[in-house]
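Notes follow the structure.
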Amino acid sequence: MIAIGSDHGGFELKEEIKTYLTEKGYVVKDFGVQREMSVDYPDIAHPVCMAVLKGEYERGILVCGTGIGISIAANKIPGIRAALCGNCYSARMAKQHNNANIITLGGRVTGTDLAKEIVDAWLETKFEGGRHQTRVDKIHGLENK
Ligand code: RB5
């Protein structure tokens, strides 16, 4: 169960990834934008992140033009660990070490085929826990400082 969303800059890539994952058998809920209309990426990041935090979806995928704005917005929400990934190694590590519950991509930066591989790498990786759990706990400790 995956939540997905994008602004206009990420719309095309979001559509491609949604189709790709649906064909692979994932249940994908699209939080918009529904067509290539201008929207403010925090307005998309928020519902996707809340749905993940509520446990309605296991993970979330967010796309904007660069992946930067939407990751900054998502990381403002306590409990969210959003990782902007442009390569498969980072995507694996984002899960294995950082337990990223959101991955963000740049629709104007990352090609479709690479983006699919990045998403696969992230979805197929498990969190290692142990010392990384300590570090993730410390990340969330910062939310209260
Ligand atoms: C929208 O033009 C663009 O600023 C947005 O998609 C994203 O790249 C921001 O970080």
Side-chain angles (χ1 to χ4, degrees), residues 1-133 135-137 139-140 142-143:
M1 298 274 281
I2 296 166
I4 195 166
S6 77
D7 73 351
H8 49 288
F11 174 75
E12 272 183 39
L13 183 56
K14 185 257 290 175
E15 292 295 306
E16 295 273 3
I17 292 171
K18 182 175 67 176
T19 303
Y20 175 67
L21 292 179
T22 302
E23 284 172 357
K24 286 189 88 170
Y26 289 97
V27 175
V28 183
K29 161 78 173 170
D30 186 354
F31 284 78
V33 58
Q34 299 301 346
R35 59 190 167 88
E36 208 158 358
M37 56 178 277
S38 184
V39 288
D40 300 330
Y41 48 80
D43 295 337
I44 299 293
H46 186 254
V48 169
C49 290
M50 294 314 291
V52 170
L53 289 174
K54 282 183 203 155
E56 295 167 358
Y57 300 90
E58 283 169 48
R59 303 188 192 198
I61 300 171
L62 290 171
V63 193
C64 68
T66 58
I68 296 171
I70 211 155
S71 70
I72 293 172
N75 279 313
K76 293 290 180 190
I77 300 171
I80 290 298
R81 295 174 301 281
L84 168 57
C85 293
N87 62 76
C88 293
Y89 177 76
S90 295
R92 274 197 303 280
M93 289 302 113
K95 190 65 200 174
Q96 193 176 318
H97 286 187
N98 312 119
N99 200 15
N101 45 11
I102 298 280
I103 194 171
T104 78
L105 299 161
R108 295 173 181 158
V109 179
T110 304
T112 304
D113 288 350
L114 175 57
K116 289 175 185 172
E117 286 185 30
I118 288 169
V119 168
D120 279 342
W122 177 64
L123 289 174
E124 288 162 13
T125 302
K126 289 195 165 49
F127 180 47
E128 203 174 284
R131 67 187 189 282
H132 300 294
Q133 183 64 60
R135 292 162 187 169
V136 167
D137 291 342
I139 290 173
H140 292 296
L142 296 174
E143 291 167 353

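- Applying the side-chain contact (heavy atoms from CB on, under 4.5 Å) rule to E23 yields the partners T19; only residues at least two apart in sequence or on another chain are considered.
- Evaluation of the side-chain hydrogen bond (donor to acceptor under 3.5 Å, both in side chains) test over residues 102-117, restricted to residues two or more places apart or in two chains, returns none.
- The minimum heavy-atom distance between K24 and D120, with the atom names listed, is NZ-OD1, 2.9 Å.
- Residue I102 holds its CD1 atom at 9.5 Å from CD1 of I70, rounded to the nearest 0.5 Å.
- We find the CG-CG distance between L123 and L21 to be 6.0 Å, quoted to the nearest 0.5 Å.
- I68 pairs by the side-chain contact (heavy atoms from CB on, under 4.5 Å) definition with T66, I72, L84, not counting sequence neighbours.
- To the nearest 0.5 Å, atoms NE2 (H8) and NZ (K14) are separated by 13.0 Å.
- Residues L114 and C88 approach most closely at CD1-SG, 4.4 Å, considering heavy atoms.
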For residues 43-61, tabulate all N or O donor-acceptor pairs below 3.5 Å that involve a side-chain atom, not counting sequence neighbours.
{"unit_1": "R59", "atom_1": "NH1", "unit_2": "W122", "atom_2": "O", "d": "2.5"}
{"unit_1": "R59", "atom_1": "NH2", "unit_2": "T125", "atom_2": "O", "d": "3.2"}

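- Using a 4.5 Å heavy-atom threshold, the side chains of F127 and Q133 count as touching.
- Rounding to the nearest 0.5 angstrom, the gap separating the CD1 atom in I17 from the CG atom in L13 is 4.0 Å.
- Separation of atoms CG (L105) and OG (S71) is listed at 10.5 Å; rounding is to 0.5 Å.
- When every heavy atom of A91 is checked against every heavy atom of I103, the shortest pair comes out as CB-CD1, 4.2 Å.
- Evaluation of the side-chain hydrogen bond (donor to acceptor under 3.5 Å, both in side chains) test over residues 72-96, restricted to residues two or more places apart or in two chains, returns R81-H140, N87-S90, K95-N99, Q96-E128.
- Annotation: side-chain hydrogen bond (donor to acceptor under 3.5 Å, both in side chains) contacts involving residues 33-42, sequence neighbours excluded, are absent.
- For the side-chain contact (heavy atoms from CB on, under 4.5 Å) with I4, the qualifying choice from T22, L62, V28, V119 is V28, the only one to do so.
- Looking only at distances, a side-chain donor or acceptor of D7 sits under 3.5 Å from a matching main-chain atom of G9.
- Residues satisfying the salt bridge (charged side-chain N to carboxylate O under 4.0 Å, His left out) criterion with K18, sequence neighbours excluded, are E15, D30.
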